[in-house]
Amino acid sequence: MDALPLEIHAHIFEFACIDDGTTARSLALVSRYVREVAAPYLYQSIAISGMEQMSEIVGRLDVIPPHLRRIRHLFLSDWTHSQAKERVVRASEEAQDRYEAEKTLALRILALAAPTLETLAVVVSCPYTGPSVLGSLFSTPLPHLVDLAVHGFYPFPHVPRSVPRLERLHLSGNRNPHGLLQLGALDAACPSLTHLHVSGLVAAISFVEELRAAL
């Protein structure tokens, strides 16, 4: 390892750090040299679920310079897997405050990651905040994004060229997304789109007719 130049080490670390962030964190513990070389890739690929993880990552990202938070691949879920599986939605004031805090954290993460994201998967399980979070996502410029998967009750992408390089889009959570293919809004927002996957449909007769007309 000592015989290789820094640039080669950096390339190796870049290719190695494509999991949920575990590899980058492990490299940071090897030595001071390895930690410094791996620093730009520490947040290259991360998976975040639930309020605690969102709060922790926002605390970290807010205090580091942009060149050290080049997030290329992101999985983001407002609830943990166990919370999403239980599907318990509470209407108490305390619960509403928590949902609002989850939304704020999710939006902050998306804002920090947006300039460099290439692949993104977003799961918004809270019915109170889902449309707002996903609406904000579709209004955020994502200049390098090529692959996007969304699960939650989503509004339609509509901001022209907000995702100019997006090639693959998977939408799930709207049982009948009638209007998605109308008026050219999707084409305007995603001019490079080649693959559209819409799942979770239930009794979506009007969308099926819309899709048939578009083909």
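The shown structure was predicted, so the numbers you read here are calculated from the model rather than taken from an experiment.
- Interatomic distance, CZ of F156 versus CG of L171, reported as 9.0 Å (0.5 Å rounding).
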What side-chain donor-acceptor pairs closer than 3.5 Å can you find for residues 65-73, not counting sequence neighbours?
unit_1 : atom_1 : unit_2 : atom_2 : d
R69    : NH1    : L61    : O      : 3.1
R69    : NH1    : I64    : O      : 2.9
R70    : NE     : H67    : O      : 3.4
R72    : NE     : E118   : OE2    : 3.0
R72    : NH1    : E14    : OE2    : 3.2
R72    : NH1    : Q44    : OE1    : 2.9
R72    : NH2    : E118   : OE1    : 3.3
H73    : ND1    : T119   : OG1    : 2.8

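- Evaluation of the side-chain hydrogen bond (donor to acceptor under 3.5 Å, both in side chains) rule for R165 yields H144 as partners, not counting sequence neighbours.
- In the hydrophobic clustering (ILVMFWY side chains linked at under 4.5 Å, chained through shared members), F75 is joined by V123.
- Remark: S82 pairs with T80 by the side chain to side chain contact (heavy atoms under 4.5 Å, CB included) rule, at least two apart or across chains.
- Hydrophobic clustering keeps V163 apart from V146 (ILVMFWY residues linked when any side-chain heavy atoms are closer than 4.5 Å, directly or through intermediates).
- Legend: residues meeting salt bridge (charged side-chain N to carboxylate O under 4.0 Å, His left out) with D97, ordered by chain and number and at least two apart, are absent.
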Could you walk me through whether L186 and L196 satisfy the side-chain contact (heavy atoms from CB on, under 4.5 Å) test, starting with their C-alpha distance in whole Å, then the side-chain angles of each, then the deciding distance to 0.1 Å, before giving a yes or no? CA-CA 10 Å; L186 184 62; L196 175 63; 4.0 Å; yes
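- Rounding to the nearest 0.5 angstrom, the gap separating the CD atom in E102 from the CD atom in E52 is 8.5 Å.
- The side-chain hydrogen bond (donor to acceptor under 3.5 Å, both in side chains) with E100 is formed by just one residue from the set R98, Q96, K103; it is K103.
- When the side-chain hydrogen bond (donor to acceptor under 3.5 Å, both in side chains) test is applied to T104, no partner is found at least two apart in sequence or on another chain.
- Here ring-ring contact (aromatic ring centres under 6.0 Å, His included) pairs that include residues 105-124, with residues two or more places apart or in two chains, number zero.
- With sequence neighbours excluded, the residues that form a side chain to side chain contact (heavy atoms under 4.5 Å, CB included) with S136 are L107.
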Under 3.5 Å, sequence neighbours excluded: what are the donor-acceptor pairs made by side chains of residues 205-215?
unit_1 : atom_1 : unit_2 : atom_2 : d
S206   : OG     : N176   : OD1    : 3.3
S206   : OG     : N176   : ND2    : 2.9
E209   : OE1    : R212   : NH1    : 3.0
E209   : OE2    : R212   : NH1    : 2.7
E210   : OE1    : H178   : ND1    : 3.0
E210   : OE1    : G179   : N      : 2.6
E210   : OE2    : G179   : N      : 3.4
E210   : OE2    : L180   : N      : 3.1
E210   : OE2    : L181   : N      : 2.5

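- In the hydrophobic clustering (ILVMFWY side chains linked at under 4.5 Å, chained through shared members), W79 is joined by V89, Y99, Y128.
- Partners of E56 according to the side-chain hydrogen bond (donor to acceptor under 3.5 Å, both in side chains) rule, which considers only residues two or more places apart in sequence or in another chain, are R60.
- Residues passing the side-chain hydrogen bond (donor to acceptor under 3.5 Å, both in side chains) test with T194, sequence neighbours excluded: none.
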